[in-house]
Structure formats: C-alpha cells, structure tokens
Amino acid sequence: MTEVYVAGVGRTRYGRFPALGVGALAREALARCLADAGAGLGDVAGVFFANTAQGALEGQHLIRGQIALRGAGVERIPIFNVENACASGASAFHLAATAVRAGELDVALALGADKLSGVDEHTTAGLFRAGMDVSRWEAELREFRAAAGAPEIVPGRRSVFMDIYAAFAAHYLRRYPGATVRQFAAVAAKNRRNAARNPLATYREPLTVEGVLAAREIAAPLTLPMCAPIGDGAAATLLCSADVLTRFDSRRAVRVRASVVASGSGRALGDDAHQITRRAAARAYQRAGLGPEDVSIAEVHDATAVGEVLQLEYLGLAPAGEGGAAAERGETALGGRLPVNTSGGLEGNGHPVGATGLGQIHELVTQLRGEAGDRQAPRPRIALAENGGGFLGAEEAAAAVTILESPEGR
C-alpha cells in the first residue's frame with residue numbers, strides 16, 4: 001500500500017449561475033485543479049465523478065461524468081459515477097484515494113459538480129425526499145420528530161431536511177439545559193464572517209448573532225442564516241501516489257492520513273456510541289494514528305448550525321453539550337483553539353451538494369499549505385473534514401471522515 005497525496009485542488013465559486021451547466025462548472029474546476037498541481041490531462045489515470053441531481057432534474061442518468069467532461073479532453077480513461085447524497089463528493093475522494101493506495105491508479109481525479117438553481121420548488125423538494133426512504137419518508141419523519149420531542153410541523157417553503165435538523169435542535173436543547181438557540185446563531189454568525197473572507201463563497205456579507213436571530217424562521221428554532229443555501233458549483237482534487245509525486249510540486253503536496261466512509265445503522269436517537277460520524281471518526285483516527293486532540297482545523301457538514309454543533313461533538317472535537325458554547329466563546333473562530341469551517345461552511349460558503357465534500361478538501365488543503373489569505377488559520381498541521389448525506393431515521397445515511405497532514409517543512 002502506497003502513501004497517498006493531494007497534488008492539486010480547484011473549485012468554482014458557489015452560488016446561482018443561470019448561464020452555466022454542470023459541464024461548464026465541472027470543466028472549470030478541472031482546469032483549476034490541474035493548474036494548481038502543475039499537471040496535464042495526460043497525468044490523470046482515472047476519474048471519480050460525484051453528482052446528485054442531474055438524473056432527477058435533467059433526466060441525465062447513468063453516465064453523468066462522461067457527459068459532464070465530454071469535450072474537455074477526458075477520454076479513454078475510466079470514469080466512475082458516484083452518488084451518495086450530500087456525501088457524494090467525499091465518497092468520490094475516498095474511492096480515488098483507495099484506488100491510488102491500492103496501486104490501481106497512480107494519479108486519480110475526484111470531481112464533484114451539481115446544478116440546483118433555476119429548478120421549481122416541487123422538483124427540488126422531491127430530490128431531497130429521495131435522500132430518505134421514499135417508501136415511508138413521511139412516517140419515518142413523524143417517528144423521528146416524535147422521538148426528538150419536536151413540535152408539529154408548520155407548513156413552509158423548505159426541504160424536508162430542515163424539518164429533520166429542527167427536530168435535532170429541539171432534542172439537543174432538551175437534552176442539554178445549558179444549550180441555547182443563541183449558540184446556534186453564534187455558529188451561523190461565525191461562518192458568515194468566514195464566508196465574507198472567501199472570494200468563492202455564496203454569501204459575502206457578515207452577520208451578527210442578533211442579525212441571525214432576527215432573520216426569517218425556516219423551521220423553529222432555525223432561521224434562514226442557520227440553514228445552508230443549495231446552488232451551483234464544482235470542486236476537484238488530484239490525488240497521486242508517493243511514487244509519482246515528483247511529477248508535481250511536492251513542497252505543496254498534502255498527505256492523506258485517513259479516508260473513511262460509513263453507513264447509517266438504524267440506531268435509536270440518543271444512542272451516541274453507535275452514531276455514524278462517531279464510528280467513522282474512530283476508524284479514521286485509528287488509521288491515521290492520531291486522536292481528536294491532534295486536529296488543528298476542521299470543515300464539518302453544517303447543513304444547519306445545529307449540524308456543526310452535533311458533528312463537533314461526535315468527532316470528539318468538543319465535549320457533549322459544548323459544541324454551541326464553543327462557538328459562543330470564540331473557540332471555533334479564526335484564531336481560536338480549533339478553527340472550524342474557515343471556508344464559511346455550508347451555511348455561508350454554499351452547498352452545491354455533489355461538490356460539497358470536495359469543496360471542504362479544497363479549503364483544508366489551502367489552509368494546510370498556508371495559502372488561505374486573510375482567512376488563514378495559524379499554522380495548521382492536521383486537518384479533518386466530515387461530510388454527511390441522506391437520512392435513515394435518527395442519523396445520516398452516509399458519512400465520510402478525511403484526515404489530512406500539512407506539507408513537510410511547514
């Protein structure tokens with residue numbers, strides 16, 4: 001088994017781009033990634049392409065990657081299409097890293113792209129329901145919200161996932177008496193501040209805690225800034241083996257210490273020992289030979305602010321019941337004990353679903369190289385990304401945890 005390195009990363013801006021289709025977004029991320037690595041198309045031995053929406057929204061099933069990269073010069077090499085809900089990007093990264101580590105490919109590209117703007121709300125609502133068991137999603141949602149002690153659902157314009165996260169929030173506030181909605185707002189405000197420093201982010205205007213609390217309610221107690229905006233975007237990562245690292249700039253190469261993907265277990269709400277992220281993180285820490293105390297920066301899946309709070313605790317990066325308080329105390333801000341979501345997270349940076357996990361890798365690689373400009377964290381050495389997707393009862397259907405190490409000499 002060879003060591004695996006990230007030789008290059010690239011991504012587009014996230015947002016709403018009516019004139020750009022999936023192919024244009026994918027090709028832009030590809031070009032930026034290759035340029036960052038100092039690589040050419042001839043270096044790429046295989047592609048893992050993540051996309052979640054184009055089958056449902058455009059009828060483009062089965063060969064999405066081949067179609068998206070058609071005309072970009074990506075020919076004859078294997079292209080594998082990856083769909084794993086909101087964890088699709090990190091799953092593509094995992095498969096690419098696995099292929100390189102096993103010696104099947106010496107250079108592999110993981111690329112994620114999605115186009116979600118300009119689609120009617122009924123269609124997008126159906127897309128997100130497809131991230132649950134479509135045969136019984138309504139019954140499963142009622143059962144979960146009842147177990148969480150959440151109030152009756154108030155009709156509104158939102159994805160079903162927002163009702164799930166609202167139930168998580170209600171359960172969390174009941175479970176930990178010291179937790180407050182203001183702490184969720186502190187998470188969102190922190191991520192908006194970080195997004196304001198990210199030229200590729202969807203939202204570039206910072207918000208205060210008070211501004212977050214005063215915003216339109218989406219699903220109580222979550223307001224609009226506490227929820228991630230879906231949209232358009234693409235991100236790519238070029239991975240290589242140690243044997244061919246000299247083809248690229250090895251001084252900027254980031255080592256992949258671990259990449260783990262897990263699936264939901266059908267656990268009961270409150271059974272934290274078997275929670276999906278906790279299980280994936282335990283395996284990732286073991287493979288990396290590291291622990292939570294070694295992590296110096298993280299990007300976690302904050303589809304809502306309560307998502308960041310929960311994931312920090314499941315990852316062992318904050319004590320149980322303290323994930324929101326950590327944000328309120330400034331511990332997860334730039335310059336804090338553990339900067340989290342320096343990209344702006346999903347809440348500020350945006351959530352073009354299939355690209356999201358690879359966008360997290362883009363941010364962490366940029367940080368580990370010391371190239372993040374005015375959002376640069378102070379000399380991070382070990383970075384962790386957590387990317388989740390879909391829901392099976394009380395937890396995500398898929399979760400990926402990736403651990404990266406800064407280039408030698410930094």
Side-chain angles (χ1 to χ4, degrees), residues 15-16 86 116-117 119-122 124-129 131-132 137-138 140-196 201-231 269 300-312 321 323-325 327-328 341 344-351 353 388 391 394:
R16 293 175 176 268
C86 301
L116 294 161
S117 70
V119 181
D120 67 89
E121 292 176 3
H122 176 76
T124 55
L127 174 67
F128 281 96
R129 285 197 299 271
M132 301 172 67
W137 72 270
E138 290 179 291
E140 199 160 67
L141 179 59
R142 284 196 302 271
E143 291 165 8
F144 170 66
R145 288 181 61 86
E152 289 293 319
I153 293 175
V154 176
R157 296 164 54 195
R158 57 181 178 267
S159 85
V160 66
F161 283 11
M162 295 303 100
D163 290 310
I164 292 172
Y165 277 109
F168 275 124
H171 181 257
Y172 189 87
L173 294 171
R174 288 173 52 242
R175 187 176 188 183
Y176 300 110
T180 66
V181 176
R182 188 176 184 86
Q183 291 169 355
F184 299 154
V187 170
K190 179 262 299 180
N191 290 339
R192 281 297 193 95
R193 288 195 303 272
N194 292 343
T202 297
Y203 292 133
R204 301 297 312 284
E205 296 297 324
L207 283 176
T208 63
V209 171
E210 288 71 22
V212 173
L213 290 170
R216 177 170 66 89
E217 189 174 84
I218 298 298
L222 304 175
T223 64
L224 181 62
M226 297 183 199
C227 303
I230 61 171
L269 185 65
V300 304
H301 194 90
D302 60 318
T304 66
V306 70
E308 176 174 315
V309 170
L310 291 169
Q311 298 306 333
L312 286 183
E328 196 171 37
N341 286 336
L346 281 65
E347 293 165 82
N349 189 28
H351 184 24
V353 190
F391 276 100

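This is a predicted model, so every value here is computed, not measured. Side chains included, hydrogens not; waters and symmetry mates left out as well; all remaining heavy atoms used.
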Non-neighbouring partners of Glu138 that pass salt bridge (Lys or Arg N to Asp or Glu O under 4.0 Å), sequence neighbours left out: none
Check: Val309 and Gln183 side chains under 4.5 Å, non-hydrogen atoms: no
Backbone N/O of Ala150 and side chain of Arg174: donor-acceptor pair under 3.5 Å: no
Pairs touching residues 203-231 that satisfy salt bridge (charged side-chain N to carboxylate O under 4.0 Å, His left out), sequence neighbours left out: Arg182-Glu210
Worked verdict on Val187 versus Glu347 for side chain to side chain contact (heavy atoms under 4.5 Å, CB included): CA-CA 9 Å; Val187 170; Glu347 293 165 82; 3.8 Å; yes
Flag, side chain of Asn194 to backbone of Asn341, donor-acceptor distance under 3.5 Å: yes
Glu308: salt bridge (Lys or Arg N to Asp or Glu O under 4.0 Å) partners, not counting sequence neighbours: Lys190
Side chain to side chain donor-acceptor pair (under 3.5 Å) pairs, two or more places apart, involving residues 160-172: Arg158-Asp163, Tyr172-Glu313
Polar side-chain atom of Asp302 near backbone of Leu346 as donor-acceptor pair, under 3.5 Å: yes
With Val181, the side-chain contact (heavy atoms from CB on, under 4.5 Å) member among Leu213, Thr223, Val306: Leu213
Considering all heavy atoms, the nearest Arg145-Pro151 contact: NH2-O, 2.6 Å
Atom pair CZ (Arg142) and CH2 (Trp137), whose distance is rounded to the nearest 0.5 Å: 9.0 Å
Euclidean distance, Phe391 CZ relative to Leu141 CG, rounded to 0.5 Å: 10.5 Å
Nearest-0.5 Å distance that lies between atom CG in Leu222 and atom CZ in Phe168: 11.5 Å
All side chain to side chain donor-acceptor pair (under 3.5 Å) counterparts of Arg175, not counting sequence neighbours: Asp272
Where Met162 and Ala303 come nearest, the two heavy atoms and their spacing: CE-O, 4.1 Å
For Phe128, ring-ring contact (aromatic ring centres under 6.0 Å, His included) partners two or more places apart: Phe161
Over all atoms of both residues, closest heavy-atom pair of Phe184 and Ala169: CE1-CB, 3.8 Å
Rounded distance (nearest 0.5 Å) linking atom CD1 of Ile230 with atom OG1 of Thr124: 5.5 Å
Approximate separation, where rounding is to 0.5 Å, of His351 NE2 and Thr304 OG1: 10.5 Å
Minimum heavy-atom distance between Ala305 and Ala188, given as atom pair plus value: CB-N, 4.4 Å
Taking every non-hydrogen atom, the tightest pair across Pro229 and Thr202: CG-CG2, 4.3 Å
Spacing of Ile218 atom CD1 and Ser159 atom OG [to the nearest 0.5 Å]: 10.0 Å
Minimum heavy-atom distance between Leu173 and Pro221, given as atom pair plus value: CD1-CG, 4.3 Å
